[in-house]
There are 2 protein chains.
Amino acid sequence: MRLHRPHLSPAGIKQEELRRHNLSLLLRYVHLAGPTQRATLTARTGLNRSTIGALAADLANIAELVREEAPGVRSGAGRPSLVVVPETEHYQALAFDLGVDRIVGARVGLGGTMLSRKVVPLPPGDRNFESVVALTVTAARQLADEFGPRARCVGVGVAVPAVVRGTDGFVRFAPNLGWEQQPLGETLGAALVEALPGCSFDRAAVLVANDADLGALAEHTRGVARGHDDVVYLSGNVGVGAGVICGGRPLRGHGGYAGEAGHMIVNPAGQRCRCGARGCWETEVGIDAVLRAAGHEPGDGTTPRMVVADAQAGDQRARHALYEISRWLAVGVGNLVNLFNPELVIFGGELRELLEAVECDVVNMMGAGGLTMSREHVELVPSALGGDSPLFGAAELAFAPLLDDPLGVAATLPATGG
Amino acid sequence: MRLHRPHLSPAGIKQEELRRHNLSLLLRYVHLAGPTQRATLTARTGLNRSTIGALAADLANIAELVREEAPGVRSGAGRPSLVVVPETEHYQALAFDLGVDRIVGARVGLGGTMLSRKVVPLPPGDRNFESVVALTVTAARQLADEFGPRARCVGVGVAVPAVVRGTDGFVRFAPNLGWEQQPLGETLGAALVEALPGCSFDRAAVLVANDADLGALAEHTRGVARGHDDVVYLSGNVGVGAGVICGGRPLRGHGGYAGEAGHMIVNPAGQRCRCGARGCWETEVGIDAVLRAAGHEPGDGTTPRMVVADAQAGDQRARHALYEISRWLAVGVGNLVNLFNPELVIFGGELRELLEAVECDVVNMMGAGGLTMSREHVELVPSALGGDSPLFGAAELAFAPLLDDPLGVAATLPATGG
DNA sequence: ATGCTAAGTTGTGCCGCAAAACATATTTAT
DNA sequence: ATAAATATGTTTTGCGGCACAACTTAGCAT
């Protein structure tokens, strides 16, 4: 049981933090695993029965974060254990996934249940910053109207296909949205605090992050990567991004920009990328590359899924296109595997559909040359949460502060009264 | 002050672990920062004076890990603060760096002081596994003879230019040594326990790791990367390896194989690598590549340093060679920067000398194309510990268990009596 | 109905840290 | 030289958190 190792910065632990840690542990457990018997919690945490009882009582009575119920199904001898249930309705987060052609918003309860979901299509030409912010705020208002009377809004998480500064959600570069240097975190924060007066969170509770990073977070939390501590999530849309979990924690990097796998140079003899360099991975495996290889024009309405269907139907050109894509996928994924040595590489976004068609080829090509030790245990899998990975990740992002300090944060959140 | 966030595995903290954590914190502080006033410790940890006093007393009296001294130089008003000093002589580690042409061994005291150092050249033809193990054991015995009467040996750390399994130090692949599938951790562990009966550590205290990973650890601990939590260390010798620190912790990956940057494919049109793939980074920037580009034959005695000297002396061929190398360095380093977003990229091994000659070119080439946000704050620097980075890292590796649980581990280590 | 089992509940004790009061050592002011 | 100011070490006391043990409760099996 290792605690985080600090450098030379202060990190003395006091008893207060011990309590906070254990409360956090308990709440996070039921948030992740759902309703759980007290006996199970006792066994898993290693804490004493009486301690678990006291912690659960605090979470239930002081903040109504959980409730304790008699177990429904009886099993085995002995006194049945009370079940600790996360109060899904009491604590909710708003989550948004800002896509190239639509905004998806959701209301997610403690425990990770999606309570409602809303899709706002973006008019094709109109994805400028102000419009997207405005549409997001509108969607947020609609979602917030559905809060129950006892709901508290813990915050807002936003996934955006962009290079995002970790500290404040400033968007440095979002080629697919056509944005550069936009203060998304600050702007949305201010606008949402204004638009949702019933919610008592402050501007800092509006958290913006890269969509691939949040996809990774979601898959690690509730998707295929549960229990796996070293994972790479690939988000393939127009661009390609990676979210990385290493040692159980998201890889952020110094500025929060880590995981820009799409601009890893794999083919210096290749095409010029939007970023200015030549032979970036995403010019070889991005949607446009798939379509172009199959003889389509990007923007003509074709999707990678259709190319896959064509290939399965026997279309030689589509099959050859997929083979070419596989080669470059193998190179890039191989590089990522050599660098991160993950247990899983998760294919999210449009890459999900691609995977089933090309998995065999990619695996063979990766195995053919190069170091094999990292590759021998790695699995390529499609994302389990489908296209909603970043959305769920955004919700987790919003819940994170509450999970880190349950009673402390809960105390700052009076019921919305809505 | 965040503690490590566990997944669903047990991680309840009890008071005992609180104490352990704070003891660990204190010992690690003086190990890293050297002799430190109690007042400073109080301020940095945020703990109370009385608590620091008690912790320091435990470390001093129970295990003699530190001693408290009256301060030498007086400064400022008020009662002078006692200075907590790591007991360099009482706790020592053995560290080894197994190179291609020599073994370097050292005796390192708590606090990181190198107390003695020994170089054993390898006969050119003879670097087979058994010979290297035997020479290492011999060197260890010689170093152990110099332990003082009050010394306790905390363990042995070994750096090896190989892909090493994290759990047990099994060497999967060490092309430069000509090894494959060798149980280095197990073999050395058994041999050293046998050879050093005075030392009471067990086989598990012999820890083997990749040299680049240990270089990164050392530079992070005592080198240029002190205080920087996101760092890439490049170890350039015959092969190229990377050690990565992210979020202040070493990147290990699932099997411990992370950081194989040398086999990142950057030039699919390039030469075939020893690993079987084509266009690996190390075929473009490894020592052999440098020499070949400059018109030398690998193994003819030329070193990269000589090529640099030639270039500085005006040799056109050498200058052109360095320019070519710079291009590929820029591609690879750019990829690493995009993926890890480090604050620093440290050039270790032979790359150290290369850096000063090519830094300008590499920085310009990196800035020319590609995403710039990750690159705008990154610095390319030579390793501060020179060729001894992996050696110091090996010592840190050996000290780690003691630093994680000072009193617990110290209790298992009676004095060597030697 | 009785006993068994597994779990929750309650009370006690230990341990860790903070806070306050006291003691000590050094600098600065008178 | 003496006293005040300052900063720190030391001791004592108190509070809070968890473990442990004893007790109670709830279901199951015979």
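In what follows, every chain begins at residue 1, and chains take the letters A, B, ... in the order their sequences are listed.
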Any salt bridge linking [X] with [Y]? Criterion: basic side-chain nitrogen under 4.0 Å from a carboxylate oxygen.
| X | Y | result |
| --- | --- | --- |
| D58(A) | R19(A) | yes |
| R252(A) | D213(A) | no |
| R150(B) | E64(B) | yes |

Can you measure [X] atom [atom1] to [N] atom [atom2] for me and round it to whole angstrom units?
| X | N | atom1 | atom2 | result |
| --- | --- | --- | --- | --- |
| L25(A) | dG17(D) | CG | P | 16 Å |
| L59(A) | dG17(D) | CG | P | 13 Å |
| H21(A) | dC18(D) | NE2 | P | 11 Å |
| N48(B) | dT8(D) | CG | C1' | 12 Å |
| L55(A) | dG17(D) | CG | P | 9 Å |
| E16(B) | dC17(C) | CD | C1' | 16 Å |
| I13(B) | dC18(D) | CD1 | P | 10 Å |
| D58(A) | dT9(C) | CG | P | 13 Å |

- Item | Closest listed nucleotide, where the reference is the side chain of R49(A) and the choices are dT9(C), dC20(D), dA26(D) |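 Among dT9(C), dC20(D), dA26(D), the one nearest the side chain of R49(A) is dT9(C).
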
- Message: Among dA26(D), dT6(D), dT9(C), which nucleotide has an atom closest to any side-chain atom of A77(B)?
- Response: dT6(D)

- Reported CG-to-CD distance for the pair D405(A) and E17(A), which is rounded to 0.5 angstrom: 10.0 Å

- Query: For DNA chain D, whose closest nucleotide is more 5', that of L47(A) or that of T42(B)?
  - Reply: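 Upstream on the strand: T42(B).
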
- Message: I'd like to know whether E219(B) forms a salt bridge (Lys or Arg N to Asp or Glu O under 4.0 Å) with R226(B), so could you lay out the CA-CA distance, the side-chain angles of the two residues, the decisive distance to 0.1 Å, and finally the verdict.
- Response: CA-CA 7 Å; E219(B) 293 292 337; R226(B) 287 180 88 132; over 6 Å; no

- Does I52(B) or G76(B) map to a spot on DNA chain C nearer the 5' end, using the closest nucleotide for each? I52(B)

- By nearest-heavy-atom nucleotide on DNA chain C, the more 5' of L82(A) and K14(A) is L82(A)

OP1 or OP2 of [N] sitting under 4.0 Å from any side-chain N/O of [X]?
| X | N | result |
| --- | --- | --- |
| S50(B) | dA18(C) | no |
| N22(B) | dG16(C) | no |
| R79(B) | dT6(D) | no |
| R19(A) | dC18(D) | yes |

- Is there a donor and acceptor pair closer than 3.5 Å between the side chain of Q15(A) and the base of dG16(D)?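 In this structure, the two groups form a donor-acceptor pair.
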
- Query: Under 3.5 Å, is there a donor-acceptor pair linking the side chains of H31(A) and E396(A)?
  - Reply: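 Result is yes, a qualifying pair exists.
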
- Would you say the side-chain atoms of R107(A) and S116(A) include a donor-acceptor pair closer than 3.5 Å? yes

- Query: For V409(B) and V154(B), what are the C-alpha separation, side-chain angles and deciding distance, and is it a side-chain contact (heavy atoms from CB on, under 4.5 Å)?
  - Reply: CA-CA 8 Å; V409(B) 171; V154(B) 301; 5.8 Å; no

- Item | Duplex segments of DNA chain C, taken as runs of at least three Watson-Crick or G-U pairs that stay under 3.5 Å | C:1-30 with D:1-30

